[in-house]
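The next block holds one structure in the form of structure tokens; read it before the comments.
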Amino acid sequence: MSGRLHHWLLILVSLMILLRAESFFVDITYVQSAVAKGAVCLDGSPPAYHIDKGFGAGINNWLIHIEGGGWCNNATTCLARKSTRLGSSKQMAKQVAFSGIFSNKPTFNPDFYNWNRIKVRYCDGASFTGDVEAVNPATGLYYRGARVFVAIVEDLLAKGMSNAENAVLSGCSAGGLTSILHCDKFKSLLPGGTKVKCFADAGFFINAKDVSGALHIEDFYNDVVTTHGSAKNLPQSCTSKMKPGLCFFPQNVVPGIQTPIFLVNAAYDSWQIKNILAPGVADPHGTWHNCKTDINKCSTSQIQIMQDFRTEFLSALSGIGTSASQGYFINSCYAHCQTEMQETWLRSDSPVLNGKTISKAVGDWYYDRSPFQKIDCPYPCDKTCHNRVFEG
């Protein structure tokens, strides 16, 4: 074996040992009781989650974190999801790795390590907002996300969450949007004496025009809401003022949320740059292709367009207000979801803002140790970022 190959093998083994130390596997739980309530995935299968039970002082504390995975906006796109893990619990892995905000070690997750930590699997395609009674026999699609959300909360209440002292509803990406849209609903389902807060990681999707000038994401969200019959399950503080499709955007919902909420987001969110700012449909010649895979490959003019997107993002964010009960950690990274992976949640090389990691900022805010409302300087000033690089 060459010395170079031996060197790389040692690095690989060391990485695997490190990953094993930072994460552990948790079995899936199927909510069979939900089926009778019609609270099912797109294909009619039962919803599911993974739970690692709390211990010690955290036995009555609950962290409910919703998985991400985009949305489906019509029968065609929902059919495409129906036979995948994002539309059927039959297709879900029986175990998932827990790390970052799910870690059970105080070194890696000091404020939530001993809580009951639950990862809710995402299988409805509309951030748990849909509820259409009729099932078209031609497609066999069930649009029942809102029922699934309630059924999972009821299942967890029966398993001890009815005694919760502290509870957090959180999520990543489409799951982060769920935690925003369902924040007050979640609080209403828990006992009155429970301290409840919500937390969204990469869930603040903004209503911005794409590079061709079209309102691509607005049209897409409107189709999601129409297809899934979501209007009646979106916050009334928003739907009483504007059309339901616009109430899928956090910027129109957050100002009306009563429960304390914290937002973690990259100002140059990689999903939003790829799908809101420069979706394929708006870039037929692929001039954004290399830039979207690696921010270091963006041209000067593309970086300027992204700086304008950041300005628009910060303007949308301003509706959260200045109350200390609301928090945000907006870094200038090219990233998407920073709480589920140990490297970005809490490690010696994790992203920091104002000297704090995401883990510390969120923990300080939840426990009222200190408020946190910080916005990073523009790209490329932050050298602590873990910028995403995608396969071409």
Side-chain angles (χ1 to χ4, degrees), residues 22 68 99-101 108-111 170 172-173 176 199-206 208 250-251 254 261-278 288 290-320 322 326-366 369-391:
E22 288 181 353
S99 65
I101 198 170
F108 296 135
N109 190 23
D111 286 308
S170 65
C172 141
S173 191
F199 164 52
D201 176 13
F204 202 86
F205 300 93
I206 68 164
Q251 66 201 73
V254 164
I261 194 160
F262 194 101
L263 306 170
V264 169
N265 232 100
Y268 312 89
D269 181 286
S270 55
W271 192 94
Q272 296 196 51
I273 298 297
K274 289 167 74 177
N275 297 282
I276 294 180
L277 180 63
W288 278 82
N290 289 341
C291 173
K292 291 193 293 186
T293 56
D294 183 348
I295 196 169
N296 292 308
K297 294 178 179 174
C298 297
S299 67
T300 309
S301 60
Q302 286 171 331
I303 290 292
Q304 186 51 55
I305 290 167
M306 288 164 70
Q307 299 294 17
D308 294 342
F309 182 85
R310 172 183 178 268
T311 302
E312 214 171 336
F313 180 91
L314 296 180
S315 172
L317 180 79
S318 63
I320 193 171
T322 55
Q326 315 294 60
Y328 47 87
F329 183 113
I330 310 298
N331 56 6
S332 288
C333 307
Y334 188 62
H336 184 65
C337 291
Q338 301 179 84
T339 61
E340 298 176 352
M341 291 194 309
Q342 199 59 52
E343 62 175 277
T344 43
W345 174 245
L346 177 60
R347 215 167 65 182
S348 58
D349 62 339
S350 288
V352 291
L353 195 47
N354 225 50
K356 284 189 183 182
T357 59
I358 295 171
S359 169
K360 182 85 172 95
V362 172
D364 283 352
W365 164 79
Y366 182 81
R369 293 189 295 252
S370 62
F372 195 91
Q373 298 178 339
K374 301 292 175 191
I375 295 167
D376 212 347
C377 47
Y379 176 87
C381 69
D382 189 338
K383 304 307 175 197
T384 69
C385 284
H386 289 228
N387 290 327
R388 294 282 299 273
V389 177
F390 298 88
E391 293 295 322

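Because the structure is a prediction, the values reported are computed rather than measured.
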Phe205/Asn275 under side-chain contact (heavy atoms from CB on, under 4.5 Å): CA gap, chis, key distance, verdict:
CA-CA 10 Å; Phe205 300 93; Asn275 297 282; over 6 Å; no
The test is side-chain contact (heavy atoms from CB on, under 4.5 Å); show your working for Ile303 and Gln307 and say whether it passes.
CA-CA 6 Å; Ile303 290 292; Gln307 299 294 17; 4.0 Å; yes
When you look at Phe108 and Glu22, which way does the side-chain contact (heavy atoms from CB on, under 4.5 Å) test go after all the steps?
CA-CA 7 Å; Phe108 296 135; Glu22 288 181 353; 3.7 Å; yes
Mind running side-chain contact (heavy atoms from CB on, under 4.5 Å) on Phe313 and Asp269 for me, showing each step along the way?
CA-CA 10 Å; Phe313 180 91; Asp269 181 286; 5.7 Å; no
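Inter-residue side-chain proximity for Asn387 and Tyr268 is flagged as unmet; no heavy-atom pair is nearer than 4.5 Å. Counting heavy atoms from C-beta on, the side chains of Ile295 and Tyr379 come closer than 4.5 Å. Taking the side chain as every heavy atom from C-beta outward, Leu346 and Pro110 approach each other to under 4.5 Å. Counting heavy atoms from C-beta outward, Arg369 and Asp111 have side chains that approach closer than 4.5 Å. Looking at Phe390 and Lys274, their side chains come closer than 4.5 Å, going by heavy atoms from C-beta outward.
Separation of atoms CD1 (Ile273) and CE (Met306) is listed at 4.5 Å; rounding is to 0.5 Å. Leu263 CG to Phe329 CZ: the interatomic distance, rounded to the nearest 0.5 Å, is 12.5 Å. The line from SG of Cys172 to NE2 of His336 is 5.5 Å long, rounded to the nearest 0.5 Å. The distance from the OH atom of Tyr334 to the CG atom of Asn296 is 11.0 Å, given to the nearest 0.5 Å. Here the CG atom belonging to Leu353 is positioned 5.0 Å from the CG atom belonging to Asp376, to the nearest 0.5 angstrom. If you take CG on Leu314 and CD1 on Ile375, they are separated by 5.0 Å, rounding to the nearest 0.5 Å.
The shortest heavy-atom contact between Ile206 and Ala316 is CG2-CB, 3.8 Å. Closest approach of Cys337 to Ala202, counting heavy atoms only: N-CB, 3.4 Å. Heavy atoms only, all atoms of each residue included: Gln272 and Phe204 are closest at NE2-O, 2.8 Å. Minimum interatomic distance between Ala335 and Arg388 (heavy atoms only, all atoms of both residues): CA-CG, 3.8 Å. When every heavy atom of Pro351 is checked against every heavy atom of Asn331, the shortest pair comes out as CB-ND2, 3.8 Å. The two residues Ile261 and Trp365 come nearest to each other via the heavy atoms C-CZ2, 3.5 Å.
Centroid-to-centroid, the aromatic rings of Tyr366 and Phe262 stay 6.0 Å apart or farther.
Looking only at distances, a side-chain donor or acceptor of Ser350 sits under 3.5 Å from a matching main-chain atom of Glu343. A donor-acceptor pair is defined here as one N or O able to donate and one able to accept, closer than 3.5 Å; no such pair exists between the side chain of Asn265 and the backbone of Ile330. No donor-acceptor pair under 3.5 Å is formed between the side chain of Gln251 and the backbone N or O of Ser315. A donor-acceptor pair is defined here as one N or O able to donate and one able to accept, closer than 3.5 Å; no such pair exists between the side chain of Gln373 and the backbone of Tyr328. With hydrogens and angles disregarded, no donor-acceptor distance shorter than 3.5 Å links the side chain of Asn290 to the backbone of Lys297. Without hydrogens or angle criteria, Asp201 side chain to Gln338 main chain gives a donor-acceptor distance under 3.5 Å. When atom types are taken as modelled, the side chain of Thr384 and the backbone of Asp349 share no donor-acceptor pair closer than 3.5 angstrom. Under the 3.5 Å distance criterion, the side-chain polar atoms of Ser332 are matched with a main-chain donor or acceptor of Cys377.
The closest side-chain donor-acceptor pair between Ser359 and Thr357, if any, does not fall under 3.5 angstrom.
Heavy-atom contacts from other residues, nucleotides or ligands closer than 6.0 Å to NZ of Lys356 number more than 12.
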